[in-house]
Each structure stands twice: as structure tokens, then as C-alpha cells.
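The structure appears below as C-alpha cells.
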Amino acid sequence: MRSDSDSAPIAEVRCTEDGAALHTVLRTKLPGAFPSRGHVRAALALQQVRVNGVFASSVAQRLQHGDTVHVARRREDAVLQRARATGMAVEAVDDASQPQWAVVWKPAGVSLQPTEHFVANVLALLPPSVQQPLHVVNSVSKADSGLVVLATEELQAADVICTYRCIVHGRVGSAPGETINTSATVQDTACSTTFTVVSHSRSRNTPTGYLTTLDATPTSGFLAKQVLAHLRVSGSPVVGSNSNLAQPLSREKGCFASVVQVRFRKPDSDGEMCTVTKDEPSKFEALRAKEQRFYDRKVAEIHSDGQLTNPEYARGEVEFRGIKLKVTPAVMIPRQSSSILVDTAVEAIVERNPSPESLHVLDLGTGSASLLISTVKQLESLFPSAEITGVGIDASIDALDIAEQNISLHRLQDRVKTRHLAFANLVSVFRDGGVAASVILCNPPYLVRGGRTVGRIDTTLLDEEPEIALYATGSTGMEAYEEMASGMRAAEFEFGERAFARGCVLVAEVAHGTAARVEAVLLAHQEADGERGGLSSEWVLRGRRRDVRGLERCVVPEPEKLYLTLHDFDGVSYSLETKDSKSVVYFSMNMRCYSELRAYGADAVLRREYGNLLQASPEPGFDVTLRIDEDRLQGVDKDVLVKKLALLKRNALAAPFEAAFLAQEEGRQTGVMTVNYRDQESIFIMGFPDRVTVIFSTVFKEEADQIYGREFVDARRQPAIQNAPQVLYSAREPPLEIRGLRLPEVDNIGYVTFVLFPRHFPVGPVREETISRIQLFRDYLHYHIKASKAYMHSRMRARVESFLKVLNRAKPEKPDELKERKTIAGKTFKH
């Protein structure tokens, strides 16, 4: 048994009226400790409440004016032993008379869930003076160890600055003390983290041969797994045994990430900051020492055999963006920082051509073909129906041999080729029938000899790599860029778009701090001696991109020619491009039903609306092209012009409606004008002497969706819209007007009929508005079907949750089942 000193009084209250129940007095005087009658009953069961020095026997015990009630917390041996067994320890406690916060150390493997159990264990370790209810402020995952802050409701997660000590795979940063800022979306939340390099150590079990110790401090987002997610995205995951992390290097429980410092503003203080720091777990140093020993032993074995010292070369393979690549001293080892070139290239292609039929990747200085293979494979995953090809050129025969082996390893030899060429001879690729490049990748040699470091690159790591791939031929580091620009300029001059396709973009890697110099070389359209330099004058700078460490890693020039393709939900394609002159824009449209619209007078309508802008012969692959010459737009309201261009599809579809309205005005009847604007869906327009009938056929995904078609018929009966057009609906059975036509036999097809009378389309703005609105009926209908379903599903889920709660409350209790109770301190027991 524990001594009575373990039952220290934490509160003393006096009864102020005769006949008051004990539970009423405690709940009134101490609402934080006794929020309910059950909490009072639990405290009595643990003999935590005394009245006038005698243990209270009932929650309903009647008190008299002046009676004294003492509340004490009796620590239970089992709870205290359980808390100590977990390895938790109190690091700091508020020194106020009524403490409002505490900081405890949580070992790896201890979960914060359920919170009540964790708080109960912590309370068993805290001094008896802590009586206010505390909650967990900063969330630490089960696999992590670290400091956990418990406080009153005044302190929230965003108020606590946590610093994690992590050991990660790879070499991050160049030297201890370097700071790296990273931002990424985690669980649909924008998060930012600041990383500070603590140390680098060697390892023979990681792809790069390095481990890096980092201090990570979240600056926004503050999610439990934010730091782990940022490191995983950056390609340097935390060492640990979790399947979401990298392969384990140790059998230690949990991952090698620990909260070693917390900083927060003390509640009920004048802004006073509290900082609690803890040394990293001992297993961190043990891991670093063990891996260093293994690495030293491996290097010693390699030296004794006369082998290579670089781990990647010693293994003969490396992993880049999730793919295995063969490497030898003939090629440079792929760096994680170069991964940004692939991301930039893919983003540029998706932005310019979201649904390409074919794409071609050109890799200058391909080396091991890491960039070429990664880009081709990612494009194939994004555009499975497109034809993706590529070619890599290199001045080294030995490097091309390794590149071809890697290409064959990933079964791309039918689509990806190599060429033995220097940058200056790039034109030879296209003279031999090469395909126009959609994107150009280039990681040229840019290091300058003569120093141990260049920028932030430690050249001691490069001793065994090929000099031709690393070092520039001159003293500026710009020689390779000049040669590349010369070769590209010659190819563009001779072959134009047969060399570089419309929308082509160049992604070139640069050393940190040299982006401006590289841009000056690539975009130097005129040299001082009159010789042309750089790329052609059509190329402009698109921007720069930073790698995962926040360093400027690549520049992105592109031809200034505009080329943009767009697609709408009806399958209509648009193209916006410039050609020889930057001031002339070609706006083209392709519609599957334009041949039908042409028969109903679409060409005449567009000629009336756009006049001289309408090009006589549309661009290849399009039905209509508008040529907008900025030099001929003097005095034209450009806002009005832009609106008119945006209505190109609407104006083309207006042709059959205008023909039907004209027939009604002239008192004659037209035949059925059919517009097959979607797969198995059409618009049928007919003009009569007294009306115009418009029929939409639409396919419903589910049979129940057809109720929305009937809703239009019922809505028409409301008095407020009696002047609206008459609406009819029929399921499967087509209306009488179109039964003689050849219609698709599709399940769940419905027909919506609008009957328009002359009052609905008088000449003028009302007629134009009627044409614009009725064209959008199909989109309007299916949008509301989806919105209604989403609303009904959310209501159904809420109703099911409500029913489950009712059913759970109705579960009968077993007679012999012990009920779980809670004490005022949050501990649980069965009674």
C-alpha cells in the first residue's frame, strides 16, 4: 500500500447552504475537475473525497452550511507503474500554484491515442498540484520519440514550435549549418518546413553512400507526419522501419525522427517564452557509428582489391526517381537535384498540350540516359495513348554504351535511340530524318577546374567520375552552353518546326549562382563582332526552377511563338498560336459536327460575325480559323473582340436555330436539322409556321437519373413561369417528329422537347439570348444531376451515422459486465 502522503489535497471547498447534495457542491465549485455526476461517483469510489475529514459515502450525501469538503488525488500503483514502464518522463512543469502546462518525453512506440489513456499516464507522473484538465498540444506519431506538450485549452498546436532531429538517406546540403526551406502539400494542407544540416556521415547501405542528420522545424501546416512527408518527397526519406519510409538500417523500434526541442508562449503570462530541449536518443549516434564502421570496412576491402571507392560505382547501379540504372566511371552518377529537370519538362508539356498524339524527347549529353528514361516513362504514364519517343546524344562512345544498356533494361529500345554527336553538330540529328523535339533536356559540363569547390558542389566527391561530363573546356564554365546554342540555332535555321515542334521548351541544368550568366549566353541574339550568338531571336526566358534544397538548378528558355491547345467537355478543340509574326494570332476550332452545321449556314453566320478575321482556308486539322492581326485592330474595342472570339462555338451552333426562326417568320416548315454534337447525343431543330421545336437526346448514366428530365415538365406547371417554353419529356421512345430518323439504340436515353413560340425569339437581343441559353441545356441538366446526387449522398451518410449512434445506444449491457468509470484525473477503472 502507498503511504497517505500520496493522497495530497488538491482542493478544499465549503458548503454555503443547508441540504445541498455533495455532487451539486463539487460540480458548482470545481466544474473543471467534476464536469458530471459520474466524475463525482468515480472519485468517491477511489476515496478521493472527504467531508469534515470522513470519506464521503454517496454522491447524494446532504451537507450542512459550513461543512468542509476535501478533494485529494490518490495515485494508484498500477497506473504509476504502467506510466513508468513506457519510458515516459517529465521534462518540465509549470511552476505556478495551479500548473497549466507540462512537457513530457514520449519514447518511440508509445501512441498518443486514445488521448485519455495517454493523459492519464502523464498525470500519474505529474505532481499532485496539477489539477486542471490538460490536453495534448503537439501531435507526435507513434513511430517517433520526442517531447510532448500538455496544456490547458489556451495553448494550441500552432502556438508550439517543434524541432525534429532526423537521420535521412543521402547527402542533403553541402555543410553543417546550411538552411533549406521546403514547401509541399500534405493531406491537402499547404505545409512548410525549415531544415538545418547538423552533420554528414557515411553509410554503405544507402544509394548515395551518405546519411545526413538534420534539424527540421515546421513553419506552417503543423501536421503530425509533415516532416516525414517533406523528406520523402525530396528524395531523402527518414531512416526507419516504417514501410512508408526508406529501407531500415537498424532493428531499433520506430523511425529515426525525434522532437528534441519545443518552444511556446506560457499561458496566462505576458508573452514569456518557454523552451525545453532534450538530447537526441542514444540510438541516433549508435546508428551513425555503426554505419561509419561498415563503410570504413567496405572501403578498406575495396582498396585492398584495387577497386573503386565510390559506392555507386562499386555496386554498379544507382536508383534515380524510382528506377534502377547501371553506372560505371564512363558516366556521371545521377544526382537527386537533377530530378527537377524531369518535373519541369513534364509540366511544360502538360501545360502546352494536355492531350498529345505524339511527343519526342531530346536529351543533350545523355550520359547514363537517366533524364531521358525518366521523362519518357513519366510521359507514358500520363499519356498512355500517345506515341512517346526520344533520342539521347553524347560525345562519349563509352557513355552511350551504358545509356543503351539502361534503355534496354527498361525495354525502351524500340522508342528511344542514341546518337554519337557533339552539341555543335545537333543539326545532323534532323538531317537523318529525326523527329521534331517536343522538349529538350540538357545537363552539360559546367564545372571549372582549379578549385576544391565550385559553388556549393564538393568536388572531392567527383574524383572518379568522367571529366568530359563534369568540367567545361574553358575557364568560364559557359563553353558547353555556347556550343549547345550554336547547334540548336543551326538546326532551327535549316529545319524550323521540323527540328523543334510548336510549344517546344528547353530545360538546361545550371550550377547554383550561374543562372543569369547562362541566360545571357543562351539569349545573346547578337554578338559584339556581328556574329550571331545564343539561340535564335524567337527564344525567350520562361523562368528558373529550384531543386529540393532551394537552389537554382535549371533555366527554361522557350520559343516566343505562342502555341496553346484547349478542349471543352463536348469534344471541341481549340488552338491559339503565332507563326512568323508575333503580332498575328491564329485562333482555330475543330467540331465533330461542323460539316452538318456548314450545311445549315454556319459559314455564312461566322462570316457575318467575324468578317475579314475569318480565314478562307482553315489550319490543317481544324474546321474554322480566325486570323487576328494586331496591326489591323486600330480603333477596335479589344474587350468586345475577346468576347466575340469566345463565342466562336456558340455562333457556329447558332446556324440551324437562325434557319428555323427565319422559316417560322416566313410561314414555312423546315425539315429536321440534326446536329450530332456528342457521342450518341444530338440536337434536332425544326421550324414550323407557328413555332420552332428543339429536341435534345441525352444519355443518362443511370436509369434513376431520368427523373430529372421529368422535373422540367413538372416545373413548367408553376404559375411563376407560365410564359416559359413548353417542355416535354419521353424516356427511350423518341418524339413523333423524329421517329422516322435513324436513331441510336441506347439504354437510358431520354428526349427533352422544347416548343418555342414567336414570343420567345423576337428579333434582337432576346433572340440571341434564347440561342445562347438553349445550347447550354445539356450541360445545365447533367450538372444539376451530379450536384443533386452529391447532396443526397451527403444527407444519406449523415442519416446513417445518426442511425448508428441510436443503435449503439440501444445495445443491452451484459449483467455480469463491469462498467468502465473515470476518475477526476482522467484515469479509468471498472466497477
Side-chain angles (χ1 to χ4, degrees), residues 103-113 115 118 135-151 155-170 172-173 178-198 211-248 253-265 273 275-278 280-281 284 322 336-337 339-340 343 546-551:
V103 179
V104 298
W105 173 260
K106 183 194 83 67
V110 176
S111 176
L112 299 184
Q113 303 297 330
T115 307
F118 180 79
H135 75 285
V136 176
V137 180
N138 62 309
S139 182
V140 181
S141 61
K142 182 178 179 180
D144 300 343
S145 60
L147 299 171
V148 179
V149 179
L150 295 93
L155 200 62
Q156 301 300 321
D159 301 326
V160 179
I161 302 174
C162 300
T163 298
Y164 287 75
R165 175 65 56 85
C166 311
I167 300 181
V168 303
H169 287 262
V172 180
E178 180 179 346
T179 300
I180 303 167
N181 296 313
T182 302
S183 297
T185 300
V186 180
Q187 300 175 5
D188 298 327
T189 302
C191 301
S192 300
T193 304
T194 298
F195 295 95
T196 302
V197 178
V198 177
L211 294 176
T212 302
T213 304
L214 300 171
D215 280 346
T217 304
T219 54
S220 67
F222 307 105
L223 301 182
K225 298 184 178 181
Q226 171 178 332
V227 171
L228 303 184
H230 279 170
L231 290 169
R232 186 169 59 250
V233 170
S234 68
S236 300
V238 174
V239 175
S241 58
N242 190 306
S243 60
N244 292 324
L245 307 176
Q247 288 292 89
K253 186 176 182 180
C255 67
F256 282 78
S258 178
V259 181
V260 295
Q261 185 184 84
V262 290
R263 297 180 66 245
F264 55 91
R265 203 174 303 277
M273 295 295 296
T275 301
V276 180
T277 304
K278 176 81 171 177
E280 68 177 21
F284 281 49
Q336 186 62 35
S337 58
S339 181
I340 189 63
D343 294 333
R546 295 179 179 270
D547 61 16
V548 294
R549 293 156 48 193
L551 307 180

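Any value given below was found using the heavy atoms of this structure, including those in side chains, with hydrogens, waters and symmetry copies removed.
Judged purely by atom type and a 3.5 angstrom limit, His135 uses its side chain to pair as donor or acceptor with the backbone of Ala151. Between the side chain of Gln226 and the backbone N or O of Ser220 there is at least one donor-acceptor pair closer than 3.5 Å. In terms of modelled atom types and a separation under 3.5 Å, the side chain of Thr212 and the main chain of Gly170 share a donor-acceptor contact. Checking side-chain atoms of Ser258 against main-chain N and O of Ser145 turns up a donor-acceptor pair under 3.5 Å. The main-chain N or O of Ser192 is found under 3.5 Å from a side-chain atom of Thr219 such that the two form a donor-acceptor pair.
Closest approach of Val186 and Cys191 over heavy atoms only: CB-SG, 4.0 Å. Among all heavy-atom pairs drawn from Leu112 and Val136, the shortest one is CD1-CG1, 3.9 Å. Residues Cys255 and Val238 approach most closely at CB-CG1, 4.2 Å, considering heavy atoms. Taking every heavy atom of both residues into account, Lys106 and Ser141 meet most closely at NZ-O, 3.4 Å. Of all non-hydrogen atoms in Val172 and Val197, the two that sit nearest each other are O-CG2, 3.5 Å. Minimum interatomic distance between Tyr164 and Ser139 (heavy atoms only, all atoms of both residues): OH-O, 3.8 Å.
Counting heavy atoms from C-beta on, the side chains of Asp144 and Val259 never come closer than 4.5 Å. Looking at Val260 and Thr277, their side chains never come closer than 4.5 Å, going by heavy atoms from C-beta outward. With a 4.5 Å cut-off on side-chain heavy atoms, Arg265 and Asp159 do not count as touching. Contact check for Phe264 versus Val103: side-chain heavy atoms found under the 4.5 Å cut-off. Under the 4.5 Å side-chain criterion, counting only non-hydrogen atoms from C-beta, Leu214 is not in contact with Val227.
Distance check: Thr213 OG1 to Phe284 CZ gives 8.5 Å after rounding to the nearest 0.5 Å. Going from atom CG of Leu228 over to atom SG of Cys166 covers 7.0 Å, rounded to the nearest 0.5 Å. Considering CD of Glu280 and CD of Gln261, their distance stands at 13.5 Å, rounded to 0.5 Å. In this structure, the separation between CD on Glu178 and OG1 on Thr196 is 9.5 Å, given to the nearest 0.5 Å. Here the CG atom belonging to Asp215 is positioned 10.0 Å from the OG1 atom belonging to Thr179, to the nearest 0.5 angstrom. With values rounded to the nearest 0.5 angstrom, Leu231 atom CG is found 12.0 Å from Ile167 atom CD1.
The aromatic rings of His230 and Phe195 sit perpendicular, their planes meeting at an angle over 60°, well past the 30° parallel limit.
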